[in-house]
Amino acid sequence: QVQLVESGGGLVQAGGSLRLSCAASGRTFSNYAMGWFRQAPGKEREFVAAIRWSAGYTYYADPVKGRFTIARDNARNTVYLQMNSLKPDDTAVYYCAISQNYVAPNDLTDQKFYGDWGQGTQVTVSS
């Protein structure tokens, strides 16, 4: 089992930036991919970004392309989500998740392929 701890959320004005971190511990030796998802009030949880751990390939949801960047630090078993040009629509609880099995690129957006999840961190963007 893997433990994931997110940090870095908070309150920011529209146009501002935040960087989320997600530190993984436990059985991470077979980490295949990590992803960020978010859930806004009254809405379903949705995909934000993912990264394949060894190759570093990245994937983004259309609403965040060009504004968000996902990156990983192999030595620290940590994944980051740099969020720039934030909008009120980005307000949500952000969750990181990990998959230790192969996931096809097209499936990285599907939360069912991730086995372990963090507790979430709140991001609030004011207008």
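Everything numeric here is computed off the predicted structure, so don't read it as measured data.
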Contact summary for [X] and [Y], nearest pair of heavy atoms:
X	Y	answer
L4	D116	CD1-O, 3.4 Å
C96	E6	N-OE2, 2.8 Å
R72	R52	NE-O, 4.3 Å
A24	V2	CB-CG1, 4.1 Å
Q1	Q3	O-NE2, 3.8 Å
S17	S85	OG-N, 4.3 Å

Nearest 0.5 angstrom please: [X] [atom1] to [Y] [atom2], how far?
X	Y	atom1	atom2	result
L18	L81	CG	CG	9.5 Å
Y102	D107	OH	CG	8.0 Å
S99	L108	OG	CG	7.5 Å
Y114	W36	OH	CH2	12.0 Å
Y60	F68	OH	CZ	10.5 Å
F113	N101	CZ	CG	10.5 Å

Full working for side-chain contact (heavy atoms from CB on, under 4.5 Å) between Q39 and E46:
CA-CA 6 Å; Q39 187 167 20; E46 64 178 5; over 6 Å; no
side-chain hydrogen bond (donor to acceptor under 3.5 Å, both in side chains) between D73 and T78, intermediate numbers included
CA-CA 5 Å; D73 183 330; T78 298; over 6 Å; no
May I ask whether M34 and Y80 are part of the same hydrophobic cluster, defined by side-chain heavy atoms of I, L, V, M, F, W, Y residues being less than 4.5 angstrom apart, directly or through others?
no
May I ask whether Y57 and V103 are part of the same hydrophobic cluster, defined by side-chain heavy atoms of I, L, V, M, F, W, Y residues being less than 4.5 angstrom apart, directly or through others?
yes
Between K65 and D62, is there a side-chain N and carboxylate O pair less than 4.0 Å apart?
yes
Run the salt-bridge test on R67 and D90 with the 4.0 Å N-O cut-off and return the result as yes or no.
yes
Would you say the side chains of R38 and Y94 form a donor-acceptor pair under 3.5 Å?
yes
Within the 6.0 Å centroid threshold, strictly below: F47 and F37
yes
Donor-acceptor pair, side chain of T91 and main chain of V125, under 3.5 angstrom:
yes
Evaluate the criterion side-chain contact (heavy atoms from CB on, under 4.5 Å) for residue pair T121 and L20; output intermediate values, then yes/no.
CA-CA 8 Å; T121 186; L20 306 183; 4.0 Å; yes
